[in-house]
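It should be emphasised that the depicted structure is a prediction, and the values quoted were computed from it without experimental measurement. To find a chain, count down the sequence lines: A is the first, B the second, and so on, and within it residues start at 1.
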There are 2 protein chains.
Amino acid sequence: MASTDPIRRGRRPGDSGARDAILDAARTRFAGEGFRSATVRAIAGDAGVDPALVMHYFGTKQALFVAAMEFPLDPAQVVPRLLGPGIDGLGERLVRFLLTVIDDLGDANPMLGLVRSAVGHPDAARMMREFLGEAILDRLAQAIHEAIDTDRPRLRADLCASQVVGVLVARQILALPELAAADRETLVAAYGPTIQRYLTGSLDP
Amino acid sequence: MASTDPIRRGRRPGDSGARDAILDAARTRFAGEGFRSATVRAIAGDAGVDPALVMHYFGTKQALFVAAMEFPLDPAQVVPRLLGPGIDGLGERLVRFLLTVIDDLGDANPMLGLVRSAVGHPDAARMMREFLGEAILDRLAQAIHEAIDTDRPRLRADLCASQVVGVLVARQILALPELAAADRETLVAAYGPTIQRYLTGSLDP
DNA sequence: TGCGGAAATCAACGCTTGTTGAACTAGGAT
DNA sequence: ATCCTAGTTCAACAAGCGTTGATTTCCGCA
């Protein structure tokens, strides 16, 4: 058998993929605990790597966060695609899309990382507000304005966002039991009309 | 003039009210930063008091959190009062009540402290899930079941909670601009029907 | 074959954190 | 007057944090 199994320093042979392992671990930790609670040491541990290597690749924890939370979908493509078939039925499409993405991303969901961090850190909240606004909500407001003649289309977009964020927090973070257990189409039927009304329905008293 | 102004040890004369000052500071800090980011030292500083005094009164940071987040309203009284006039119009009443409470509590809002902490800390999430469930959502589900004959009344309650949490996060934490700027009755008109539909409307596809 | 630079670890730093134990002071009861 | 108790501060601890600098190992290229 091999004698002692010393941890060697220095470069390992082959393409180690350590960078990707770090990014993966960071996504999962940030998504599960938020920026503050997730530690560089824990991320390095998950990736099977020394903490200093994390700094070697990314410089600071902040920069690692930015790199790890880079959204895997480009809003500039997704938003138009969802809007493609027209604003009718957009509520349903949007909810179904959201739930599908949540399922696909699993534990390493940047949306959860961003929400968790924004909620505990005013700077992150400002970043998320600006990102959400410019990348998604302003576009959505523009589409609403073109589809129906209403004032304050951005308020309608914000209302949609409030329900989407609510789903994320109540279902994925608080894990309210029946909400977490409900299957996708049940939730599409429940939330779809809500979003659709925020988009195009009457909001008068 | 007085010579040096040494900070004296020992008891101050009179009823100092330090305990209440600590609780107040803790509420504000926990509401603004969550459990993890709020520090005992900062809370003590806000209260004009030594950190050790905080431990003297409350033992641990955890216990201070529990004491500070004690809800100023008793759900066992509030829920029946809101349900009093019947389930018709409950959506509007609930939203108006929520927004009023948010305004009244201001910076020291335990709801914000609980959400901020739950989102960054699985244990706090479990606590909040159980509290929400037993104190509010199960009661609400019971009322729904008595008012209309539906299966899964608790899912309806969870749906309501998801929109309420969404309002809290999107308006008070992310501060989406038009949502934060909207006045109370505008939001009552927007959210009231949503909640009412989750309570008593059709959720079928 | 030699060599520069990238990959990786190790050990330590300075800082902040929650928490502790000792010391001191004042008020109230006896 | 005297003691007990509660309020309050001070100084320090141990642990955990992000980060740094030195050092070692290997790959790729001339």
List the residues meeting salt bridge (Lys or Arg N to Asp or Glu O under 4.0 Å) with Glu146(A), not counting sequence neighbours, and say none if there are none. none
Tyr57(A) has an atom OH; how far is it from atom C1' of dT20(D), in whole Å? 18 Å
I'd like to compare against my own output: the B/S/- annotation of nucleotides 15-21 of chain C with a strict under-4.0 Å heavy-atom distance to protein. --BBSBB
Counting N and O atoms only, with roles assigned by atom type, does the side chain of Gln172(B) sit under 3.5 Å from a partner on the main chain of Leu112(B), one being a donor and the other an acceptor? no
Residues that Asp183(B) engages under side chain to side chain donor-acceptor pair (under 3.5 Å), provided they are two or more places apart: Thr186(B)
Numerically ordered, the residues 112-125 of chain B set in heavy-atom contact under 4.0 Å with DNA chain C is none
Residues that Arg41(A) engages under salt bridge (Lys or Arg N to Asp or Glu O under 4.0 Å), provided they are two or more places apart: none
Report the distance from atom CG of Leu53(A) to atom P of dT24(D), rounded to the nearest whole Å. 18 Å
List the residues meeting side chain to side chain contact (heavy atoms under 4.5 Å, CB included) with Ala181(B), not counting sequence neighbours, and say none if there are none. none
By salt bridge (Lys or Arg N to Asp or Glu O under 4.0 Å), Asp50(B) pairs with (sequence neighbours left out) none
Nearest whole angstrom, please: distance from the C1' of dT8(D) to the CZ of Arg19(B). 15 Å
Expressed in angstrom and rounded to an integer, what is the separation of His56(A) atom NE2 from dA22(D) atom P? 16 Å
What pairs with Arg154(A) under salt bridge (Lys or Arg N to Asp or Glu O under 4.0 Å), at least two apart in sequence or on another chain? Asp138(A), Asp158(A)
Partners passing side chain to side chain contact (heavy atoms under 4.5 Å, CB included) against Val78(A) (at least two apart in sequence or in another chain): Leu73(A), Leu82(A), Phe97(A)
